[in-house]
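Everything below concerns the one structure shown next.
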Amino acid sequence: MKYSVFLLLISCMVFSQGRLKDDEVKKYVSQVNEDSLKSYISKLVSFQTRHTLSATDDPKQGIGAARNWVIQQFKDYAKNSGGRMEVYLQQEDLQPDGKRIDKIVNLGNAIAFLKGTDPNDKRVFLIGGHLDSRVTDVMNRTSAAPGANDDGSGVSAVIEAARILSNSSFPASIIFVAFSGEEQSLLGSRLLAEKIKKENLQLEAVLNNDMIGNPKAGETGEINTRTLRVFSEGLPYMELDRKAPAIRNLGLENDSDSRQLARYIKEITELYVKRLHVKMIYRNDRFLHGGDHTSFVTHGFPSVRLTEYYENYDHQHQDIRMENNRQYGDLSEFIDFKYLKKNVAANVAVLASLAKSTSKPERVEMDVKELTNFTMLHWQKPKSGTPAGYFVLIRETDSPVWQKKIFTTELSARIPLSKDNYIFAVQTVSQSGNLNVPVIPDIAK
């Protein structure tokens, strides 16, 4: 009888998928503007080429003019931040490497850092896209390389997110960055990842947007304007040898920090953005390609790549030309701006939800000292913020997404489900109802 009553209480606490939206997050999502996105990409294309090895001192053409323009956009939006947004160009002179750098080049990442309002909250979230573009020959720095979708679309997401969120008052901080050097082997993102690692910043999520504006597949011509892919690593790149025994023993091959971030993106996007489905791809990236999130993955930061569902290779890494009645080249005319708008809205929803959330619960643990069909979880309060409570998340071991959420204001939960059959996690619920990325429990010692 007691067991049945306990189950009834738990079923009453399980929150359905119809979770209430935060009005402030809804407001930010509604402000994503299609005309703004068109204007950003039009301007980016106007620089003729944004190749990493192109001119840095020409005021109208080349990577230098492009990054200066992005910096100016950030400075204009920083006026809305009450002095909390710092804008700067992270620069470094690179020597020839015998690979994709054949001269001394000034590499520059255009960055805006929006400082959080809570001095005790050290969390940082990052949205990025790569500013540089290319044609068929990766060393060709003179031919027209408009880079409208690759990666003008990703940079437009960064700029639009900065515009909208610049006047926010989130407890946590956000970095907005347009990377250089992606096509030359992820040089700009590597530079920033190393800086963040050296400065010991608490970077909890990287949203790398790379090609998010084209819904039409090459070869087949299929169109999908309702799906956004999120790539995430399964097994952690960093310290895998040390972590492997626990991953194997607990069956956590599908529960890396980056994979948890991907699940979070799926939940938040599908809550706030109409007619957009997130498809989680269980890979760090596509075949024969590499994105800027990988620079952060290799330093142990939770990082994912957001990208369109289909790719059209006629408009990716191609010289502009008409051949056999087919147009080649990464031109603006091949971007679906309504689709792009939805994908940018997903980024805004996720960033705002993360930055408004309370920090993660500390020392989340699961007891495994005795054989029982109950699962005992316990945790400690987060380092910053005052949560309204906590969700205990539950899913079967073969489920890709969390299936149940149990709300509690306690710092422990005794669940009448076998730990052998389920995966569990805990996340904080802020006073505004926003959630942090779930934390998988360690084994209690």
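Just so it is clear, the model here is predicted, and its values are computed rather than measured.
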Tell me if the NZ atom of Lys338 is crowded by more than 12 foreign heavy atoms within 6.0 Å. no

Does Arg263 pair with Glu267 as a salt bridge, N-O distance under 4.0 Å? no

pair Pro382-Tyr390: side-chain heavy atoms closer than 4.5 Å: yes

Give a yes or no on whether a salt bridge exists between Lys341 and Asp35, defined as a side-chain N under 4.0 angstrom from a carboxylate O. no

Can we say Arg395 and Asp255 salt-bridge, meaning some charged N sits less than 4.0 Å from an Asp/Glu carboxylate O? yes

Gln72-Asp76 side chain donor-acceptor pair, cut-off 3.5 Å: yes

Measure across Asp257 and Pro302 and return the closest heavy-atom pair with its distance rounded to 0.1 Å. CB-CG, 3.7 Å

Check the angle between the aromatic planes of Phe301 and His299 and answer parallel, tilted or perpendicular using the 30° and 60° thresholds. parallel

For Asn436 and Pro361, work out which heavy atoms get closest and say how close. ND2-CD, 3.6 Å

Distance in Å, Leu94 CG paired with Leu191 CG, rounded so as to fall on 0.5 Å steps: 7.5 Å

One should read off an interatomic distance between Leu207 CG and Leu261 CG, to the nearest 0.5 angstrom, of 6.0 Å

Over all heavy atoms of both residues, which pair between Glu182 and Asp210 is shortest? Give the atoms and the distance, please. OE2-OD2, 3.4 Å

Tyr28 and Asn167: side-chain contact (heavy atoms from CB on, under 4.5 Å), yes or no, with the steps? CA-CA 10 Å; Tyr28 293 137; Asn167 62 358; 4.2 Å; yes

Closest heavy-atom pair, Val135 versus Ala144, reported as atoms and distance to 0.1 Å, is CG1-O, 3.3 Å

With sequence neighbours left out, what residues match Tyr264 under ring-ring contact (aromatic ring centres under 6.0 Å, His included)? none

Taking Asn109 for its side chain and Ile111 for its backbone only, find out whether a donor-acceptor pair lies under 3.5 Å. no

In terms of heavy-atom contacts, does NZ of Lys103 have more than 12 from other residues, nucleotides or ligands at under 6.0 Å? yes

Side chain of Gln327, backbone of Arg321: donor and acceptor closer than 3.5 Å? yes

May I ask you to decide if Ser357's main-chain N or O and Ser430's side chain share a donor-acceptor pair within less than 3.5 Å? no

Give me the atom names and distance for the closest heavy-atom approach of Glu160 to Gln31. OE2-O, 3.7 Å

Determine whether a donor-acceptor pair (N or O, by modelled atom type, separation under 3.5 Å) exists between the side chain of Asn68 and the backbone of Gly64. yes

Below 4.5 Å, heavy atoms only, C-beta onward: do Asn214 and Ile335 meet side chain to side chain? no

Can you list the residues that meet the ring-ring contact (aromatic ring centres under 6.0 Å, His included) rule with Phe334, with sequence neighbours excluded? His315

Look at atom OH of Tyr309 and say whether more than 12 heavy atoms of other residues, nucleotides or ligands are closer to it than 6.0 Å. no

Lys216, NZ atom: more than 12 neighbouring heavy atoms under 6.0 Å: no

Determine whether a donor-acceptor pair (N or O, by modelled atom type, separation under 3.5 Å) exists between the side chain of Asp330 and the backbone of Asp150. yes

Taking Ala78's backbone N and O only, do any of them form a donor-acceptor pair with Ser81's side chain (distance below 3.5 Å, no angle check)? yes

Please determine if Glu270 and Lys266 form a salt bridge, counting it only when a charged side-chain N lies under 4.0 Å from a carboxylate O. yes

Listing request: all side-chain hydrogen bond (donor to acceptor under 3.5 Å, both in side chains) pairs with a residue in residues 228-250, at least two apart in sequence or in separate chains. Arg229-Glu311, Ser232-Arg259, Glu239-Arg242

Pairs of donor and acceptor atoms involving the side chains of residues 168-181, under 3.5 Å and at least two apart or interchain, shall be tabulated with distances.
residue	atom	partner	partner atom	Å
Ser168	OG	Leu165	O	2.6
Ser173	OG	Gly116	N	2.8
Ser180	OG	Gly108	O	2.5

Counting neighbours of NZ on Lys197 that are heavy atoms of other residues, nucleotides or ligands and sit closer than 6.0 Å, is the number greater than 12? yes

Is the side chain of Lys360 donor-acceptor paired with the backbone N or O of Val437 at a distance under 3.5 Å, no angle test? no

dist Arg50:CZ -> Leu131:CG (nearest 0.5 Å) comes out at 5.5 Å

Report the C-alpha separation of Arg363 and Glu365 in whole Å, then their side-chain angles, then the decisive distance to 0.1 Å, and conclude whether the salt bridge (Lys or Arg N to Asp or Glu O under 4.0 Å) test is met. CA-CA 6 Å; Arg363 294 192 62 179; Glu365 296 181 334; 3.8 Å; yes

Test log, rule side-chain contact (heavy atoms from CB on, under 4.5 Å), inputs Ser353 and Tyr272: CA-CA 10 Å; Ser353 297; Tyr272 284 100; 4.0 Å; yes

Any chance you could lay out the side-chain contact (heavy atoms from CB on, under 4.5 Å) test for Val426 and Phe391, step after step, and finish with the verdict? CA-CA 6 Å; Val426 180; Phe391 274 136; over 6 Å; no

Quick one: does Ser166's side chain have a donor or acceptor within less than 3.5 Å of a partner on Arg163's backbone? yes

Output, in order, the C-alpha distance, side-chain angles, deciding distance and verdict of side chain to side chain donor-acceptor pair (under 3.5 Å) for Gln48 and Lys60. CA-CA 9 Å; Gln48 179 74 9; Lys60 295 183 178 180; over 6 Å; no

For Ile63, the option from Leu107, Asn106, Thr56 that meets side-chain contact (heavy atoms from CB on, under 4.5 Å): Thr56

Considering only heavy atoms from C-beta outward, does the side chain of Thr227 approach that of Tyr310 to under 4.5 Å? no

Gap separating the CD1 atom of Ile127 from the CG atom of Leu354, nearest 0.5 angstrom: 11.0 Å

Taking atom types as modelled, is there a side-chain donor on Lys99 or Gln184 under 3.5 Å from an acceptor on the other? no

Mind checking the CG-NZ spacing from Asp336 to Lys342? Nearest 0.5 Å is all I need. 8.0 Å

Between the side chains of Glu194 and Lys198, is the shortest nitrogen-to-carboxylate-oxygen separation below 4.0 Å, so that they form an ion pair? no

Testing the 3.5 Å rule here: is there a donor-acceptor pair between the side chains of Asp151 and Asn209? no

Hits for salt bridge (charged side-chain N to carboxylate O under 4.0 Å, His left out) against Arg283, two or more places apart or cross-chain, chain-then-number order -> none

Minimum heavy-atom separation for Tyr328 and Asp319, please, with both atom names. CB-O, 3.7 Å

Can Glu396 and Tyr422 be counted as having a side-chain donor-acceptor contact under 3.5 angstrom? no

Interatomic distance, NZ@Lys122 vs CD@Gln202, rounded to 0.5 Å, equals 9.5 Å

Set out, in order, the CA-CA distance, both residues' side-chain angles and the distance that settles side chain to side chain donor-acceptor pair (under 3.5 Å) for Ser359 and Ser384, then state yes or no. CA-CA 6 Å; Ser359 65; Ser384 63; 3.2 Å; yes

If a pair satisfies ring pair (Phe, Tyr, Trp, His ring centres under 6.0 Å) and one of its residues is in residues 72-123, list it, with sequence neighbours excluded. none

Please check this pair: side chain of Ser189 against backbone of Ser295, looking for a donor-acceptor N/O pair closer than 3.5 Å. no

Check whether any side-chain N or O of Asn149 sits under 3.5 Å from a backbone N or O of Gly213 as a donor-acceptor pair, and report yes or no. yes

